[in-house]
**Q** 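Below is the structure I would like to discuss, written out as structure tokens.
For reference, positions follow the sequence shown, starting with 1.
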Amino acid sequence: MIVDEQAADLIFMRQALDQAQNAQLVGEVPVGAVVVWEGQVIATGYNQPVGNHDPTAHAEINALRQAAEQLGNYRMPHCDLYVTLEPCAMCAGAMLHARIRRVVFGAHDPKTGAAGGVIDLFAEQLLNHQTRVTGGVLGGECATMLREFFAERRRRRDAAAAAKPAEVDPDFTSTIVTEIEFAEWNAIKR
Ligand SMILES: [Zn+2]
């Protein structure tokens, strides 16, 4: 039984980080999420847009879909969602539709974050559902995993380019744009 919210946040963010690791293992940008209901993880998800050919296959959406199926309900007012990166507008919107009670995220994302990074959809008073948001939980670890992923990608791409300058591995092209954005993100983050 977890009594302390901060302690619980660390435990569940670690599980979201495990999910991010799963994304990394299949070559996706490492972002992971879990949905918690009554102190237990009932659904997990990791980023899979490239592999699934699905622009909506973010970690949060995958976890929300699984949680809704588990509960047999598309609304989850007693659930909390943990994700390693600040949610984008699409995911924030999905969480509001799902009536998620609380969102806890790791790394801040000043490029596409919709929980205060660029905009704050959760603070929108006109929406009839209010979701509590906590950011920066294990933020350093979550950001490091992303940073190392892109550094490794860069190393592999440079090595491939040096070996065969005329060829570009199509596997890399899908992340190049994100990588450039992420370099900027890192610059902002210092
Ligand atoms: Zn998203």
**Q** Using the side-chain hydrogen bond (donor to acceptor under 3.5 Å, both in side chains) definition, which of the options Arg155, Arg156, Arg154 pairs with Glu152?
**A**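 Of all the options given, the one that passes is Arg155.
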**Q** How would you list all residue pairs meeting side-chain hydrogen bond (donor to acceptor under 3.5 Å, both in side chains) that involve residues 132-141, not counting sequence neighbours?
**A**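 Sorted result for residues 132-141: Glu5-Arg132, Arg14-Glu141, Arg102-Thr134.
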**Q** Do Lys111 and Val118 touch side chain to side chain, with heavy atoms closer than 4.5 Å?
**A**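 When only atoms from C-beta onward are counted, Val118 and Lys111 do not touch, as no gap falls below 4.5 Å.
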**Q** Honestly curious: do Phe150 and Tyr46 fall in one hydrophobic cluster under the side-chain, below-4.5 Å linking rule?
**A**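 Each belongs to a different hydrophobic cluster.
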**Q** If only atom types and distance count, is the side chain of Asn73 paired as donor or acceptor with the main-chain N or O of Arg75 below 3.5 Å?
**A**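 A pair under 3.5 Å: yes.
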**Q** Are His78 and Glu38 side-chain neighbours, meaning at least one heavy-atom pair lies under 4.5 Å?
**A**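 The answer is no; the side chains never approach within 4.5 Å.
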**Q** At their closest point, which heavy atom of Leu64 faces which heavy atom of Ala98, and how far apart are they?
**A**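 Of all heavy-atom pairs spanning Leu64 and Ala98, the closest is CD2-CB, 4.2 Å.
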**Q** Among the clusters formed by ILVMFWY side chains lying less than 4.5 Å apart, do Leu96 and Tyr74 turn up in the same one?
**A**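 As far as the 4.5 Å side-chain criterion goes, Tyr74 and Leu96 are not connected within one cluster.
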**Q** Is there side-chain contact between Leu138 and Leu17, with at least one heavy-atom pair below 4.5 Å?
**A**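 They are in contact (side-chain heavy atoms under 4.5 Å apart), so the answer is yes.
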**Q** Pairing donors with acceptors under 3.5 angstrom, does anything connect the side chains of Asp9 and Tyr82?
**A**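 A pair is found: one side chain offers a donor N or O, the other an acceptor, under 3.5 Å apart.
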**Q** Taking the side chain as every heavy atom from C-beta outward, state whether Cys91 and Val83 have any atom pair closer than 4.5 Å.
**A**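 They are not in contact (no side-chain heavy atoms under 4.5 Å apart), so the answer is no.
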**Q** State whether the side chain of Glu86 and the backbone N or O of Ala107 hold a donor-acceptor pair below 3.5 Å, judged by distance alone.
**A**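 Pair absent, no side-chain N/O of Glu86 close to backbone of Ala107.
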**Q** Hey, does Cys88 have a side-chain heavy atom less than 4.5 Å from the side chain of Glu60?
**A**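 They are not in contact (no side-chain heavy atoms under 4.5 Å apart), so the answer is no.
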**Q** Locate the shortest heavy-atom distance separating Gly93 from Leu121; write the atom from each residue and the value.
**A**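 The answer is N-CD1, 4.5 Å.
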**Q** Do Met95 and Phe122 come close enough that some side-chain heavy atom pair is under 4.5 Å?
**A**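 Side-chain contact under 4.5 Å: yes.
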**Q** Sequence neighbours excluded and cut-off under 3.5 Å, please list the side-chain donor-acceptor pairs for residues 20-36, or say none.
**A**
from  : atom 1 : to    : atom 2 : distance (Å)
Glu28 : OE1    : Val50 : N      : 3.2
Glu28 : OE2    : Val50 : N      : 3.2
Glu28 : OE2    : Gly51 : N      : 2.6

**Q** Do you reckon Val133 sits in the same ILVMFWY cluster as Met76, going by side-chain contacts under 4.5 Å, direct or chained?
**A**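 The answer is yes; both residues are in one hydrophobic cluster.
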**Q** Less than 4.5 Å apart, side chain to side chain, heavy atoms only: is that true for Asn62 and Gln48?
**A**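 They are in contact (side-chain heavy atoms under 4.5 Å apart), so the answer is yes.
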**Q** For the atom pair CZ (Phe12) and CG (Asp80), what is the distance rounded to the nearest 0.5 Å?
**A**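 Between atom CZ of Phe12 and atom CG of Asp80 there are 8.5 Å.
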**Q** To the nearest 0.5 Å, tell me how far His58 NE2 sits from Met90 CE.
**A**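 Answer for the NE2-CE pair, His58 versus Met90, is 4.0 Å.
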**Q** What's the separation between atom CZ in Arg153 and atom CD in Glu148, rounded to the nearest 0.5 Å?
**A**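 Taking CZ in Arg153 and CD in Glu148, the distance rounds to 15.0 Å.
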**Q** Take Thr44 and Gln15 through the test side chain to side chain contact (heavy atoms under 4.5 Å, CB included) and record every step on the way to the result.
**A** CA-CA 9 Å; Thr44 61; Gln15 298 192 44; over 6 Å; no
**Q** In Å, rounded to the nearest 0.5 Å, how long is the span from NE2 of His108 to SG of Cys142?
**A**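 These two atoms lie 10.5 Å from each other.
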**Q** Please name the pair of heavy atoms, one in Gly45 and one in Ala63, separated by the smallest distance, quoted to 0.1 Å.
**A**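 Closest approach of Gly45 to Ala63, heavy atoms only: N-CB, 3.8 Å.
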**Q** Hey, what do you get for CD (Gln130) to CZ (Arg101), rounding to the nearest 0.5 Å?
**A**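 Reported value, rounded in 0.5 Å steps: 15.5 Å.
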**Q** Would you say Leu71 and Leu81 are hydrophobically clustered, going by side-chain heavy atoms of ILVMFWY under 4.5 Å?
**A**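 Same cluster: Leu71 reaches Leu81 through Ile, Leu, Val, Met, Phe, Trp or Tyr contacts under 4.5 Å.
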**Q** Would you mind reporting whether Phe105 and Leu85 have side-chain heavy atoms less than 4.5 Å apart?
**A**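 Counting from C-beta outward, Leu85 and Phe105 never come under 4.5 Å.
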**Q** Grab the two heavy atoms, one from Gln66 and one from Ile42, that are nearest each other, plus how far apart they are.
**A**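 Distance-wise, the nearest heavy atoms are OE1-O, 4.1 Å.
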